[in-house]
Amino acid sequence: MWRSLGPLRLPEWEQSILARWQAERTFQRSVARRRGGPTYAFYEGPPSANGKPGIHHVFARTLKDLICRYQTMRGFYVPRRAGWDTHGLPVELSVEKELGISKADIGTKVSIADYNKACREAVMRYKATWDALTERMGYWVELEDPYITFDAKYIESVWWLLKRFYEKGLLYRDYTIQPYSPAAGTALSQHELNLPGAYKTVRDPSLTVQFRHQTEPDLYFLAWTTTPWTLPSNAALAVGPDFTYVEIETFQPYTREPTRVILAKESVPRYFSAEGAELPLSPEFVDVRTGRLPYRINRYLKGQDLIGQRYEPLFRYVEPDGDAWRIIAGDFVSLEEGTGIVHIAPTFGADDLRAARKNAISPILTSDAHGNPTPLVDKEGRFVPQVTDFAGRYVKNYTDAPDYRPVDEDIALYLRQRGLLFRKEIYEHNYPHCWRTDKPILYYPVEAWFIRTSALREKLVALNQTIRWYPPTIGEGRFGNWLENVEDWNLSRSRFWGIPLPIWRSRDGRYERCIGSFEELREAVEESRKQGLMQHNPVMHPDFDPHRPTVDEIILVAPDGTPLYREPDVIDVWFDSGAMPYAQLHYPFENEEIFSQQFPADFIAEGVDQTRGWFYTLHVIAAALFGTVAYKRVLVNGLVLDKEGNKMSKRLGNVVDPFTLMERYGADPTRWYLISNAPPWENVRFDEKRLAEKVRSFFGTLHNTYEFFALYARIDGYQIQPLPPVDQLPLIDRWLLSEVEKLTAEVSEAYENYYPTQAARLIEDFVIERLSNWYVRLNRRRFWKGEKDQDKWAAFTVLRYALLRTAQLMAPIAPFYAELLWEHLGERGSIHESDFPSSTLLWRDLSLEESMEKARRLTSLLHSLRKQSGVRVRQPLPQALVPASYKNWLDPLTDLLKAEVNLKAITYLDDHSQAVYYELRPNYRTLGPSLGPRIKDLASYLHTLPQEAILETLQKGKLQWEGHSFSLPDLEIRAQALPGWLHASEGGLTVALDTRLTPELEKEGWARELIHHIQVLRKNAGLEVTDRIHLRIHLPPSYQKALQSFASLIAEETLADSIEWVDNPIAGLSPIEFLDSVSLYIDISRAYEHA
RNA sequence: GGGCCUGUAGCUCAGAUGGUUAGAGCGCGACACUGAUAAUGUCGAGGUCCGUGGUUCGAUUCCACGCAGGCCCA
């Protein structure tokens, strides 16, 4: 019992606690113990084990862990299941790098089956490292049966969800504009565009062209484009609704015919020189070479007013499907370049498509040989036959043809001949190129499947308002704004390693089927077998793998016998993780009851970067299909930056390895540091020096306190006993218990508010300031004094109680050391199976808390005064003087204060004593609103008030001033000074110190000085604190005589059985300097006990 | 370009429903204590509370506009 653990060695202790937890299955037991209680549902966002975990993972996981541990201690059943996110681009890219292949090689050089096999292996590469981190940091989550997104069962649940979207009409096929390489014949990912060297500076012709107003003769809209080949696909023109436009009277530069054009006011100088405004409006002043045009501004127009006006198309190869060729609003329209009017080709630009959709304008499409809709440029990058003037011509030189003639030039020529070209320039800009063929990419329409999230917008927003966000601003701002502007979710990825879209379609698009379960697929394959389209049924196989290529080989059949082929895409991995509440339980195929208990989650926690990620996908799926939220509370954490505030990255070499950290300092300090340093949602600047400091200041102090307790408890054979009734305890114990209750209440509140930073800081402050630096420091004597009486046992009991309570309060954040304390303080079982303490108001004594706080401040003032006086602390001083108004709260603490500062008395000064000066100031807070500017006059009036008037005011409790009557709460009273004494004031407290020594006090000071020297010798001699001694002492006779009257005090303090005063310096001993001037000889010898 | 967050001592962070002396810890300097001692206490130096305007008797706090850093999205 009360074993000493020696100096702090957290990493080592943590290892043995880990071993114990594992052997006793403490985590599982702590969860199981609460089964039957209310469920607190927690979802673990699945990490990808494709890379090594970093310190930021420790941060996020500490937050998750501590909330779950806290709720478990509160009595909730908190099942926690680990999961793995396994699909997606990062895995694919790493595999491609390893195999030395590119995407185009998949299916040719490497089979899809082999490729996916490699992905499946690569994605779990660091699973062991992740599991090791989870365990080492004390993150309690069930690792033995994790959910894995590539599991067939997981995928089946995802299919079921997709089919529900499909049935609700929320899953639809459309196209999206993607970077596309005609030369390579493939779409490129955003990632491929970001490869170094992808962006090249190129020179393209840029045209400013005239779109003829439909009803007003000779009025044109001027639009600017750097991709002339998209002009045949023009469907609309976009303006900025808030911009100002001008109508200008001028001449067509090439035909010199009078004309009127509209463009943005800011663009005028780009097209018209100032000189032009002065020139007569006559065609002979047109200079085609320099571009000089005479012009007049006719009128100003608001962009808003242009919207809806119609124009004649430049080309009319295809009749548009619907209401094209009009002016629309575009938020992307800029005044930096061009005319402030933007040509919109929805088939070849992402902004264009978005704007067109918003305005219900159909893209310009025609039909290919099979009758399927196609844009005016085919996948090889050639104009389709319907574009008669340019049919078959490549829009860029994709084939390296030596005689390639840029089609852009011919389009310019064509327009010029028709008087529709206003200007042609060469434009130099950065443009992305295909990294393999080095050819410019095309933004091209690619078929894709979408979730119609835009139709859910209101529901998403409304449900979000019921989610508790920590901090709230992210829910309202970042997430809320995103939802309000949400657009349809493009689910398609033309990749290989992912959950395949369970949709089969006929070539002509007349038939389509979405599959929602393996059972359904199996039956569908059976039908298709009957029709002879399939030879065997792969879904019959017990290990059916729903990945590519297996599903690609399945051909289904339409009622009329038409074969149906799978849509080739896989889905966005974010859908995988958003499906986790259902798919982790293989819902609805299994576990319906468990699902209903654990959905929605009470709590999730991830980084801010998940706003558009997991937070979003969870929300969309739950809102769309279940009409509810997926999580009720979400705690958002910021990033972990290095100590300079830079993001940690391999490139900068500032990545901190969590394992090294935990081996060096321990998991608890790492967790504690991350939690206590700053609120979770702010970025944490990680500084190892501070972590080391945390070990020393908090864990070191707490551990010292335990060691102190254990040392004396061991010596005295303290036996655990219940707390005595509070009213029988000494004041200081009652104070500590009150503080413990206060701490409990405040820490509980912090946890309840998902603000663990506050909890950690409160605990730190309690341990360092109250428990260690005040309670233990003041009570040391009670622990080592001789008698084993009630008072001593009470001290042990109260201190042990406070330590245990501290352990429980800190257990969620620092589970290891809390466990250690629990065990060593003699409690059974694991602290994590204990019930979180609730605070007892009964033990609170608010006035005692406040008085003690003041007394602590007073002590600090007195220490500072002693320091100024130059009198050693060992020298007792006669008295401290304080104003009489302190009497009520200070009286009970007098003894403590006297002992702490080594005083003989505390004297209260009468209010009328000349020694106290009072000062009155207005209470700005209460008087400010009513007095307004006159408060300054009152302040100066109070300042000039004589002392007698102040005292009179204090006595009457009232003050009259210029017709106003003030009571005491309206005035701030300060005891300002005690002239003639050594005094100090701080925060309304004033104290003076009497440093006049009487001979008697001086002698006592000598005695204490002597005791001090003896203690040093005891220590140097290596004596145990309980060893008894014999003393022989020599001092000059005058001192010797004075000290003899303190012999019993000296003997008691130093555990001396005998003191012999010797007349002469003791031979063989060197003198000790006593009181800076006197030679002292002490001979110390251990007293052996005789039987 | 848009949304959100942050800006207080050399560093990491508190704080103030707007109130006249803005705090802590670390670091730095000085001293003390010595029955927790690889612990502890006291004192000191150190601040334009990012800037500018506004509201107010009073702004570091509220409002507006900026600046800087971060995250997400274009």
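- The nucleotide whose nearest atom lies closest to any side-chain atom of A/Q1015 is, among B/G35, B/C13, B/A36, B/G35.
- Between A/N704 and B/U40 there is no side-chain polar atom (N or O) within less than 4.0 angstrom of OP1 or OP2.
- The aromatic ring centres of A/W672 and A/Y665 sit 6.0 Å or more apart.
- Put simply, the side chain of A/R770 never gets that close to the backbone of A/Y775: no donor and acceptor are under 3.5 Å apart.
- B/A64 and B/U52 make up a base pair, with Watson-Crick or G-U wobble contacts both under 3.5 Å.
- One C1' atom belongs to B/U17, the other to B/G27, and the distance between them is 35 Å to the nearest Å.
- Using atom P as the reference point in both B/U48 and B/A38, the two lie 40 Å apart (nearest Å).
- Checking B/G19 for Watson-Crick or G-U wobble geometry (two distances, each under 3.5 Å) identifies B/C57 as its partner.
- A donor-acceptor pair under 3.5 Å links the side-chain atoms of A/T453 to the main chain of A/W489, judged by distance alone.
- When distances are taken from the side chain of A/H1012 to each of B/C73, B/U34, B/G35, the shortest belongs to B/U34.
- Nucleotides B/A16 and B/C50 place their P atoms 16 Å apart, quoted to the nearest Å.
- Going from atom CG of A/N637 over to atom C1' of B/C4 covers 16 Å, rounded to whole Å.
- B/C49 and B/A14 are spaced 13 Å apart, taking the C1' atom of each and rounding to whole Å.
- When the side-chain nitrogen and oxygen atoms of A/R780 are compared with OP1 and OP2 of B/A36, one or more of them lie within a distance under 4.0 Å.
- Under the Watson-Crick or G-U wobble criterion, with both distances below 3.5 Å, B/G47 has no partner in any strand shown.
- At a threshold of 4.0 Å, the pair A/R761-A/E764 does not count as salt-bridged, since none of the basic side-chain nitrogens sits closer than that to a carboxylate oxygen.
- Residue contacts shown for A/S697 are absent, as no nucleic acid heavy atom lies under 4.0 Å away.
- If you check B/C4 for Watson-Crick or wobble pairing at under 3.5 angstrom, you find it paired to B/G70.
- Where A/I768 and A/W774 each meet RNA chain B at their nearest nucleotide, the meeting point lying more 5' is that of A/W774.
- Aromatic ring centres of A/F796 and A/Y718 lie closer together than 6.0 Å.
- When the C1' atom of B/A39 is taken as reference, atom CG of A/L711 falls 13 Å away, rounded to whole Å.
- The residue among A/Q758 and A/W681 whose nearest nucleotide of RNA chain B lies closer to the 5′ end is A/W681.
- Across every non-hydrogen atom of A/L821 and A/L803, the tightest pair is CD1-O, 4.1 Å.
- Rounded to an integer number of Å, the gap from A/R777 CZ to B/U42 P is 7 Å.
- Nearest nucleotide to the side chain of A/N677, out of B/A14, B/G3, B/U12: B/U12.
- With rounding to whole Å, A/N902 atom CG is found 12 Å from B/C33 atom P.
- Between the C1' atoms of B/G23 and B/A9, the separation comes to 10 Å (whole Å).
- Of all nucleotides listed (B/A74, B/U40, B/C13), B/A74 comes nearest to the side chain of A/D351.
- The pairing partner recorded for B/G27 is none, the criterion being a Watson-Crick or G-U wobble arrangement whose two distances lie under 3.5 angstrom.
- Side-chain proximity of A/R761 to the nucleotides B/A14, B/A36, B/C4 is greatest for B/A14.
- The distance between atom NZ of A/K689 and atom P of B/C13, rounded to the nearest whole Å, is 14 Å.
- The distance from atom OH of A/Y712 to atom P of B/A36 is 5 Å, rounded to the nearest whole Å.
- Atoms CZ (A/F698) and P (B/A36) sit 21 Å apart, rounded to a whole Å.
- As judged by a 4.0 angstrom heavy-atom cut-off over every strand, A/P679 is placed among residues touching the sugar-phosphate backbone only.
- Following rounding to the nearest Å, A/E769 (CD) and B/C26 (P) show an atom-to-atom distance of 10 Å.
- The nucleotide B/U34 finds no pairing partner, because no Watson-Crick or G-U wobble arrangement with both distances shorter than 3.5 Å includes it.
- Put simply, the side chain of A/H824 never gets that close to the backbone of A/W2: no donor and acceptor are under 3.5 Å apart.
- Between the side chain of A/T701 and the base of B/A39 there is no donor-acceptor pair of N/O atoms closer than 3.5 Å.
- An OP1 or OP2 oxygen of B/U40 is reached within less than 4.0 angstrom by a side-chain nitrogen or oxygen of A/R696.
- Using P as the reference atom, B/G1 and B/C65 are 16 Å apart when rounded to the nearest Å.
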